[in-house]
Structure formats: C-alpha cells, structure tokens
Amino acid sequence: MSWLPEDVSTFGGEIDRLFYIIYYITGAAFILVTVLMVLFLVLYRHREGRRATYTHGNTALEITWTVIPAIVFVSLSFMSVSTWGKIKAHAPPADVQVQVTAKQFNWEIVYPGPDGKFGTEDDLQVDNDLHVPVNKVVHVILKARDVIHSFFLPNLRLKQDAVPGRDILVWFEAVKPGKYELPCAELCGFGHSGMRGWLYVHSPEEYAKWVQETWPQK
Amino acid sequence: MSDSVTAQAHAVPAHHEELGFWRTYVFSTDHKMIGRQFLFLGLFMLIIGGLLAMMMRWQLAWPETEIPLMSWVPEPYMYGGILPPPTYNAFFTMHATIMIFFVVMPIMVGCFGNFLIPLMIGTRDMAFPRLNMLSFWVGLMSGLVMLSSFFVPGGPAASGWTAYAPLSAQAAFTGVNWGQHLWIISLILLGISSLMGSINYITTIVNMRAPGMTYFRMPLVIWSLFITAILLLLALPVLTAALAMLLFDRMFGTSFFLPAGGGEPLLWQHLFWFFGHPEVYVLVLPAMGVTSDILSTFSRKPIFGYHAMAFSMIAIAFLSWVVWGHHMFISGMNPLLGTAFMMSTMVIAIPSAIKTFNWLGTLWGGSIRFTSPMLFALGFVSNFLIGGLSGIFMASTPVDIFIHDTYYIVAHFHYVVAGIIFALFAAIYYWFPKMFGRTMNEALGKTHFVLTYTFFNLTFFPMHILGVGGHMRRIYNPTQYDFLQPLQGINVFITMSALLLGLSQLPFIVNFIGSLITGKKAERNPWQANTLEWTAPSPPPHGNYDAIPVVYRGPYEYSSPEVKEDWLPQNRQLGTEATAARAH
Ligand code: HEM
Ligand SMILES: [Cu+2]
Ligand SMILES: [Cu+2]
C-alpha cells in the first residue's frame with residue numbers, strides 16, 4: 001500500500017508508522033469479523049428441520065470482546081501521545097522563521113529579511129511561494145485575515161488551521177529538496193478550491209542564492 | 001402523574017367514531033399517521049438530497065462540463081448546466097443538511113419513533129398527541145424554510161453543514177445573505193420540533209408501558225429511541241443557542257464569533273460539536289436498535305447479550321458528551337485537550353465494538369432467513385464495521401493531522417451516516433406491512449439490496465484511498481491540484497458508481513409505490529415476530545389494540561424450548577404446564 005504521498009518531513013515517518021499500525025490492526029479486525037459473518041450466514045442459513053440454538057449470551061465471551069478492544073484502543077492512545085507531543089508541544093528551536101497569513105484566497109508569506117525581525121522595513125512579502133532550506137527547522141507563524149483556512153502540506157504530514165485573531169506556531173523540517181504543493185484544507189469560501197501555494201525546499205547553496213537574489217539587501 | 005397518564009391513555013376507546021379526512025390524514029394526532037407523515041417528508045427530501053449529490057459527483061469527475069438535463073437552471077446558479085464554485089459549495093452544504101436533518105432524523109426518529117414506541121410498549125398513543133402533531137408541523141415548516149432558501153437571491157447557505165464561523169457569520173465571506181439566515185432559522189425550528197418529539201418519547205416510554213413491560217423487557221429499538229430522545233433533549237438547546245448567537249452576529253452586529261469585535265471563532269466549533277457528536281449518535285442509535293430487532297427476528301434466535309446491548313447504549317449516552325473535541329484536533333485548540341479527547345474517543349469506540357460482536361453472536365447458531373429487511377440489516381452491520389474501524393484512524397491525533405479534512409473523513413461518515421440508510425430501508429421493508437397493511441415485493445426488495453450494497457461500497461470505499469492520498473474534502477475541482485492528478489481516475493470511478501447507486505433506488509420506488517396500491521394484504525404477524533406491534537391489526541386502528549396487552553417476557557424469545565413454534569410473543573400467556581417445565 002503506497003497511497004500516502006511521499007513523505008519528506010522529519011516527523012512524517014512517525015505519523016505513517018502509526019497509520020500502518022492502525023491499518024494492520026483494523027484490517028485484521030475487519031477480516032476477522034467479515035469472515036465470521038459470512039461463515040455464519042452460510043453455516044446457519046435456514047434449513048428445514050434445524051432449530052436455532054436458544055441462547056441469550058455468554059458472559060465470558062462478552063467480557064473477552066470488551067476487554068480486548070479496550071486494551072487495543074488504550075494502547076493506541078498511548079502510542080499516539082508521544083508523537084503528538086513531539087509535533088505539537090516540543091518544537092525544536094527555529095533555524096528559519098516565516099509568517100504565513102491566510103486570506104481569501106491566498107497565502108501571504110512574509111520573510112523577516114536580513115535583520116531577522118518581522119514588522120521592519122526589510123521584510124519581504126510574497127504571495128503563495130514559501131522558500132525554505134532543506135534540513136533546517138522552519139517555524140511558521142500562522143495567521144488568518146478573514147475566515148478560517150488550513151495550512152496543509154501533504155508531503156510533510158502537516159496540517160494546521162489558521163484562525164483569525166490567533167497566531168499559531170507550527171514547525172517542520174524538510175529532508176528532501178523539491179517543490180511541494182500547499183493547498184488550503186478548510187472551506188474558506190467560493191475560492192477555496194484552487195487556494196494553494198508552493199513550498200520550495202532548497203539545498204543550502206540554492207537557498208543562499210535565492211536569499212541573495214530576492215531579499216532586500218542591507 | 002404516571003398513573004393518571006396511563007389511566008387516561010387506557011380510557012381511549014379502541015374503536016373511535018370516524019374522524020373526517022382532515023383529522024385523519026392531515027391534522028392527525030394519531031402517532032401512526034404522524035409517523036407516516038414523517039416518512040413521506042423524509043423520502044421526499046432523500047430524493048432532493050440524492051440529486052444534489054449526483055450533480056456534485058458529476059462536477060468532481062468531469063469538472064466544469066455540462067450536467068445532463070440541467071441547462072434550464074438560470075445564471076448565476078448554473079451556466080448552461082455547468083456548476084460554478086459558489087453553487088457547488090451551496091450544494092454540499094444543503095446535501096449534508098438535508099440528509100442529516102431532513103432524511104435520517106425524520107425517518108429514523110420521527111417516523112419510526114412515532115410509529116413504534118406506542119405499539120411496541122403496548123399503549124394506545126403518545127403521552128401528548130397534540131404536541132406530537134405540532135412536532136410534525138413545525139418540522140415540516142422547518143423543511144419548507146430550508147427548501148425556500150434555494151429561491152432567494154444569493155442562493156442557499158454555502159458554509160458547510162458545520163457552518164464554521166467567521167465564514168458563516170458575515171454575508172461578505174460567502175456572498176450568501178438570506179440563504180444562511182434561512183438555514184439558521186430552519187434549524188432553530190427543527191430544534192423546536194425535535195424537542196417536542198423527544199419530550200413526548202421520553203414521557204411515553206417512562207409512563208405508559210403496558211403491564212409487565214419492564215425496562216429490560218423493552219425491545220432494543222425502543223431502548224435506542226429512548227436514549228436518542230434523551231440525547232436530543234440535552235443536545236439541541238446547545239445548537240439552538242449557538243444558532244441564535246450566529247444569527248445575532250449576522251443580523252445585529254454582535255461579535256460572538258468574530259475576532260474583530262472581541263469574539264472567538266473556536267467558540268462556534270465547541271458549541272457546534274458539543275451538539276454535533278451526540279447528534280451523530282442520535283442518527284445511529286435508532287439504526288442500531290432496528291438492526292438488533294431485525295437480526296434477532298430473522299435469525300430466529302434471541303439477541304446475543306441483551307443487557308450488554310442496552311448498557312452499551314447507556315454508556316454511549318454518557319460518553320458522547322465528552323468526545324466533541326475529536327473534531328477539533330487541528331483547530332488550534334490546546335494540544336493537551338487533543339490528547340484528552342483522543343482518550344475519550346478511544347473509550348467510546350468500545351461500546352460500538354461490543355455491539356458489533358453481539359450482532360455476530362446473534363447470527364451464530366441461528367436459522368437465518370434472508371428476507372429484504374434482514375439483508376439490509378446485515379448491510380448496515382457490514383457498513384458500520386468499516387465506518388467504526390476507520391474512526392480509529394482519525395481518533396489517533398497524529399494520524400488525524402494528515403487525514404483531517406480529507407476524503408478519508410468523507411468516507412468515514414458516509415459509512416456510518418449514509419450506512420444508516422441501510423437500517424432505514426431495513427426498517428421500511430420490515431414494518432411496511434404493519435404501517436400500510438400491505439406487503440412489499442420480496443424480489444424487488446432483494447434486487448434493491450444487491451444493487452445498493454454493491455454500488456454503495458464501490459462509491460464510498462475508494463474515498464478512503466483519495467483521503468490517504470491527501471485529497472481535500474469540499475473542493476470544487478480536484479484537477480486544479482498537481483498532486484491530485486494521479487487520483488482523478490478514482491474520482492471518475494466513484495462518480496460512475498454513485499450514479500449507478502442513484503439508479504439502484506428505482507426498484508425501491510417502484511416497490512414502495514406499487515405495494516402501497518396493489519400490495520398483497522398483510523397479515524397481523526407476517527414475520528412471526530415477538531414484539532407487541534405484531535399483535536395489533538395491520539394497519540392498527542386508532543387506539544391500536546382491542547385490549548391493552550399484558551407482557552410476560554422479553555422481546556427476543558425465538559426458538560424457545562418452551563413452545564413448539566420458533567417464536568413466543570411477549571404477550572402470550574403460557575399454560576401452567578409450560579410454567580412448570582420452566583421451573584426445572
Ligand atoms: C467507532 C467509533 C467512532 C470513532 C472512533 C469516530 C471518530 C471520529 C473522528 C475522530 C472524527 C473527526 C475526524 C476529523 O474531522 O478529522 C469523526 C468525524 C465524523 N464522524 Fe465519527 N467516529 C465514530 C463513529 C461515528 C458514528 C457512529 C457516526 C455517525 C453515525 C459518526 C459520524 C461522524 C461524522 C458525521 C463525522 C464528520 C463530521 C464533519 O466533519 O462533517 N462517527 N469521527
Ligand atoms: Cu482557504
Ligand atoms: Cu464526533
């Protein structure tokens with residue numbers, strides 16, 4: 001099964017691993033229940049002369065099929081917690097910072113410029129093109145101007161709603177240079193479909209060159 | 001209180017004086033007529049909701065091409081049969097709203113709740129018949145208000161059935177003004193209608209059960225409607241309050257949800273999902289109840305683990321108040337809350353697992369009759385299995401980061417919510433003889449099942465694959481995205497299956513209308529079932545029973561060794577000889 005898009009982030013592997021664990025567990029449950037169901041439907045179809053078994057249940061069996069799913073579900077929760085904490089709660093220190101403001105129907109991307117500070121003269125603002133270096137921790141400060149949008153990078157397994165009135169910090173570290181799509185994933189109006197940008201992940205040299213060429217110079 | 005209500009109900013004479021046409025068919029206070037009215041309302045809305053879905057699917061497979069037969073729709077709603085983006089958004093908003101609030105709720109809760117509760121607990125009518133009538137008429141008004149929004153300038157609401165603020169809170173954001181107002185007003189009306197219904201259901205079940213009908217002798221479908229009514233009673237006021245706030249934001253410039261005025265967009269989501277998650281159980285519990293009853297009847301076997309079935313519904317009634325945050329993992333809510341909601345969501349999956357296993361246990365050792373209702377009930381179980389398992393993926397917070405707001409979610413909720421349609425059909429095929437006094441055609445019923453089951457799965461299963469590929473939900477044109485290009489073939493496949501799924505409903509329409517007019521006259525108990533409704537005539541007269549039945553046992557005594565036949569009605573008194581046999 002390789003329906004998942006290529007993963008180029010540092011934490012994407014953990015998400016995919018959880019996905020596959022759940023996939024195998026639920027797949028097994030699905031096969032078990034379906035096979036039993038089909039089997040019962042065939043074995044116990046109505047035939048003249050045979051009477052159905054008269055039973056109201058079986059406590060031991062019922063306890064078993066309550067406890068086993070309970071254990072599985074609780075274990076899945078615990079497995080999920082550490083990955084969730086890593087992605088959400090413990091962002092590593094930033095190498096690069098950008099501000100992304102979502103608005104109907106564009107991503108407004110602001111780079112801090114050579115002084116490294118936002119809200120100063122040398123900020124660079126462009127629509128929809130997000131340039132970052134490879135193997136560096138990128139912090140994105142996510143804002144929204146009008147309605148809720150959602151910052152979605154399928155290849156980085158990253159999605160975060162951008163909510164008006166809030167600054168939300170998300171981070172990622174891309175491990176492979178390339179050009180990746182950045183769609184909006186939350187309904188934001190009639191132009192929602194087609195609201196997208198691009199993430200350019202550059203090698204260090206390319207990134208330096210891009211900074212050189214596009215950022216305002218000191 | 002309990003005594004006086006019961007006494008009053010029992011005092012109603014079994015055979016009424018003739019009521020005129022209006023009092024019998026239109027302004028009826030008879031729970032069975034009100035049930036039928038809800039059924040026709042729901043089936044009519046199902047056609048509209050279904051046609052909207054077909055048009056959306058056309059757009060997704062062959063974007064911006066002319067939809068057959070639709071070139072008559074005026075601009076700007078369509079351009080020569082081509083759907084523009086604002087209309088697409090309006091369509092998915094109305095599709096979901098109609099299916100949830102005007103198809104599944106009116107049929108599963110309104111129709112079967114009304115029809116079955118008095119008949120199955122053994123009473124003559126609802127506790128408050130006039131309130132019941134009012135509940136239908138307010139419900140109908142709500143439906144008309146919702147449909148009228150198709151005809152106002154700007155078209156109907158286009159902010160999704162979830163109506164996330166600020167998108168829904170200011171006309172400028174969607175370009176829809178009156179359509180969204182009417183959507184809000186309609187749902188407030190529907191809330192009032194359901195509130196009246198649920199008060200009625202709860203009162204009737206608590207106070208008016210026939211002698212001997214203890215709580216744990218009630219059929220599971222009654223249990224499910226009881227819990228549903230309680231959930232509705234507690235959840236709807238929250239939605240109504242949120243809708244009122246939204247209407248105030250839109251009409252009077254308050255800023256409950258608008259940050260510019262000091263409001264909080266996430267407040268809407270918390271309120272909406274605090275209602276919304278119990279709501280999904282409102283939709284699914286009656287389907288589970290119906291399925292339990294039908295599986296038991298046609299396996300000719302007691303339901304496996306009756307008490308576990310009832311208690312798992314009671315557990316759901318409590319747990320469904322503490323899981324709403326699983327819709328908001330990536331909304332910007334505190335990540336610690338995300339963890340808490342993941343835990344509670346994993347816990348609420350346990351009762352669903354229990355129910356599935358108990359259904360399997362019911363089949364085990366049965367003597368299974370593959371009638372149309374049975375086939376549809378089995379279809380529900382099979383769909384619910386897939387929908388329940390896909391829920392586990394989304395419950396895991398890290399996995400949900402990726403699949404939230406993709407077609408994976410669309411697949412999940414169609415397996416559970418659209419899967420309810422299987423229970424809905426099962427219920428119609430099962431109770432049609434009682435409701436209309438005529439029998440439906442089995443061959444057409446089975447054809448309907450085979451086609452529906454096949455194309456349902458061919459339509460919705462591939463949506464999981466789209467979702468895993470990252471395909472966002474609620475997008476107008478997937479071909480606008482480079483990374484979705486390889487998935488477009490799946491979209492075409494889904495659309496063709498969906499169109500065939502739509503066509504597969506023709507045997508049902510023919511069967512339903514044909515049987516109403518020319519169906520064979522039904523006996524009292526065509527399925528040889530145990531519950532009380534089958535002891536009344538088909539269809540039952542005003543007042544239901546000649547004499548109020550007395551209940552001696554639970555509803556699922558099939559193949560009991562106490563009797564020769566393989567069924568043993570709840571109200572059949574066994575002779576002393578059988579009682580003695582039981583003592584051994
Ligand atoms: C087995 C237990 C279930 C689990 C673990 C589960 C889990 C979830 C989760 C986590 C979500 C949110 C996903 C997201 O938006 O990212 C969700 C969405 C949804 N679920 Fe379930 N679910 C379960 C059963 C059900 C049932 C029984 C129903 C309805 C009858 C249902 C109906 C829905 C609907 C309608 C949505 C989507 C709402 C929307 O965003 O429009 N689910 N489910
Ligand atoms: Cu957007
Ligand atoms: Cu939920």
Side-chain angles (χ1 to χ4, degrees), chain A residues 3-5 14-15 18-19 22 26 29-30 33 36-37 40-41 44-46 50-57 62 65-66 69-70 73-74 76-77 80-81 83-84 87-89 146-148 150 154 157-161 163-166 168 181 183 185-190 192-194 196, chain B residues 85-86 89 160 164 166-167 173-174 259 265 299-302 304-306 308 330-332 335 339 342-343 346 349-350 353-354 357 360 363-369 385 389 392-393 396-399 401-402 404-405 465 468-470 472 474-477 480-483 558-561 566:
Chain A
W3 296 102
L4 287 161
E14 283 187 42
I15 292 182
L18 271 170
F19 178 89
I22 300 176
T26 54
F30 172 73
V33 174
L36 283 180
M37 191 162 143
F40 291 172
L41 293 180
Y44 303 115
R45 69 189 182 280
H46 167 65
R50 197 181 58 81
R51 202 175 163 92
T53 315
Y54 178 73
T55 168
H56 288 90
E62 287 177 55
W65 67 45
T66 306
F73 296 153
V74 171
L76 284 177
S77 303
S80 301
V81 170
T83 306
W84 178 248
I87 298 169
K88 286 288 183 174
D146 35 40
V147 301
I148 298 176
S150 194
R157 305 293 186 267
L158 177 64
K159 191 183 289 121
Q160 174 60 55
D161 286 0
V163 183
R166 294 186 177 214
I168 299 174
E181 226 154 346
E186 178 69 62
L187 175 65
C188 58
F190 58 83
H192 167 55
S193 184
R196 62 145 178 202
Chain B
N89 290 3
Y164 275 14
L167 184 64
F173 292 142
T174 50
S299 301
R300 311 311 289 166
K301 203 173 154 267
F304 202 89
Y306 174 90
I330 66 153
S331 64
T339 300
M342 165 174 63
M343 300 277 181
M346 292 287 187
I350 299 171
I354 294 176
F357 290 127
L360 267 189
L363 297 175
W364 168 77
S367 174
I368 300 167
R369 265 77 162 176
L385 173 67
L389 291 174
I392 314 282
F393 288 79
S396 165
T397 41
V399 178
I401 294 177
F402 179 61
H404 175 74
D405 268 331
I465 300 173
V468 170
M472 293 78 70
R474 293 172 168 170
I475 55 171
Y476 165 71
N477 182 352
Q480 286 170 313
Y481 299 89
D482 288 13
F483 81 113
Y558 293 100
S559 301
S560 158
D566 65 0

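The figures here come from the full heavy-atom set of this structure, side chains too, leaving out hydrogens, waters and symmetry mates. Residue numbers start from 1 in every chain, and the chains themselves are labelled A, B, ... in the order their sequence lines are given, proteins ahead of strands.
The parts of A/Q160 that come within reach of chain B are both its backbone and its side chain, each placing non-hydrogen atoms under 4.5 angstrom from that chain. Looking at A/A70, both its backbone and its side chain come within 4.5 Å of chain B, counting heavy atoms on both sides. In this structure, chain B has heavy atoms under 4.5 Å from both the backbone and the side chain of A/V81. Heavy atoms of B/L385 lying under 4.5 Å from chain A belong exclusively to its side chain. Proximity to chain A involves both the backbone and the side chain of B/F483, based on heavy atoms less than 4.5 angstrom apart. In this structure, the portion of A/R196 lying under 4.5 Å from any heavy atom of chain B is its side chain and not its backbone. Using a 4.5 Å cut-off between heavy atoms, A/I168 touches chain B through its side chain atoms alone. When heavy atoms are compared at a cutoff of 4.5 Å, A/L158 approaches chain B solely by way of its backbone atoms N, CA, C and O. In this structure, the portions of B/N477 lying under 4.5 Å from any heavy atom of chain A include both its backbone and its side chain. Looking at B/A349, the atoms closer than 4.5 Å to chain A (heavy atoms on both sides) sit in the backbone and in the side chain alike. With a 4.5 angstrom heavy-atom cutoff, B/P259 touches chain A only via side-chain atoms. Proximity to chain B is limited to the side chain of A/I87, based on heavy atoms less than 4.5 angstrom apart. A/E181 touches chain B through its side chain: at least one heavy atom from C-beta onward sits under 4.5 Å away, while N, CA, C and O do not.
Between A/Y54 and A/H56, the ring centre distance stays below 6.0 Å.
Going from atom CG of A/L41 over to atom CG of A/L36 covers 10.5 Å, rounded to the nearest 0.5 Å.
A donor-acceptor pair under 3.5 Å links the side-chain atoms of A/H192 to the main chain of A/E186, judged by distance alone. Side chain of A/K159 to main chain of A/A185: no donor-acceptor pair is present (N/O by atom type, distance under 3.5 Å, no hydrogens or angles). Side-chain N or O atoms of B/R369 include one that pairs as donor or acceptor with a backbone N or O of B/S367 at under 3.5 Å. Formation of a donor-acceptor pair under 3.5 Å by the B/S559 side chain with backbone atoms of B/R300 is found in this model. Formation of a donor-acceptor pair under 3.5 Å by the A/R166 side chain with backbone atoms of B/G332 is found in this model. Here the side chain of B/S299 pairs no donor or acceptor atom with the backbone of B/G366 at under 3.5 angstrom.
For the options B/W364, B/Y164, B/Y306, heavy-atom pairs under 4.5 Å to chain A are most numerous at B/W364. When the candidates B/T397, B/L363, B/D566, B/D405 are compared by the number of heavy-atom contacts under 4.5 Å with chain A, B/T397 comes out ahead. For the set B/A353, B/P85, B/P335, B/G470, the count of heavy-atom pairs under 4.5 angstrom toward chain A peaks at B/P335. Across B/G160, B/A308, B/G305, the residue that shares the most heavy-atom pairs under 4.5 angstrom with chain A is B/G305. Per-residue counts of heavy-atom pairs under 4.5 Å with chain B were compared for A/S77, A/A29, A/P183, A/G165; the largest is that of A/S77. For the set B/G469, B/P166, B/P398, B/S331, the count of heavy-atom pairs under 4.5 angstrom toward chain A peaks at B/P398. Looking only at heavy-atom pairs under 4.5 Å with chain B, the residue among A/K88, A/R45, A/E62, A/R51 that has the most is A/R51. Top candidate by heavy-atom pairs under 4.5 Å with chain A, chosen from B/S560, B/P86, B/P561, is B/S560. Taking chain B as the reference chain and counting heavy-atom pairs below 4.5 Å, the highest number among A/V163, A/V33, A/V74 is found for A/V33.
Annotation for B/S396 and B/M346: closest pair N-CE, 4.1 Å, computed over non-hydrogen atoms.
The side-chain heavy atoms of B/Y481 and B/M472, taken from C-beta on, include a pair separated by under 4.5 Å. Between B/K301 and A/T55, the closest side-chain pair of non-hydrogen atoms falls below 4.5 Å. Between A/P164 and A/I148 there is a side-chain heavy-atom pair separated by less than 4.5 Å.
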Given side-chain contact (heavy atoms from CB on, under 4.5 Å), test B/L360 with B/F304 step by step and report yes or no. CA-CA 8 Å; B/L360 267 189; B/F304 202 89; over 6 Å; no
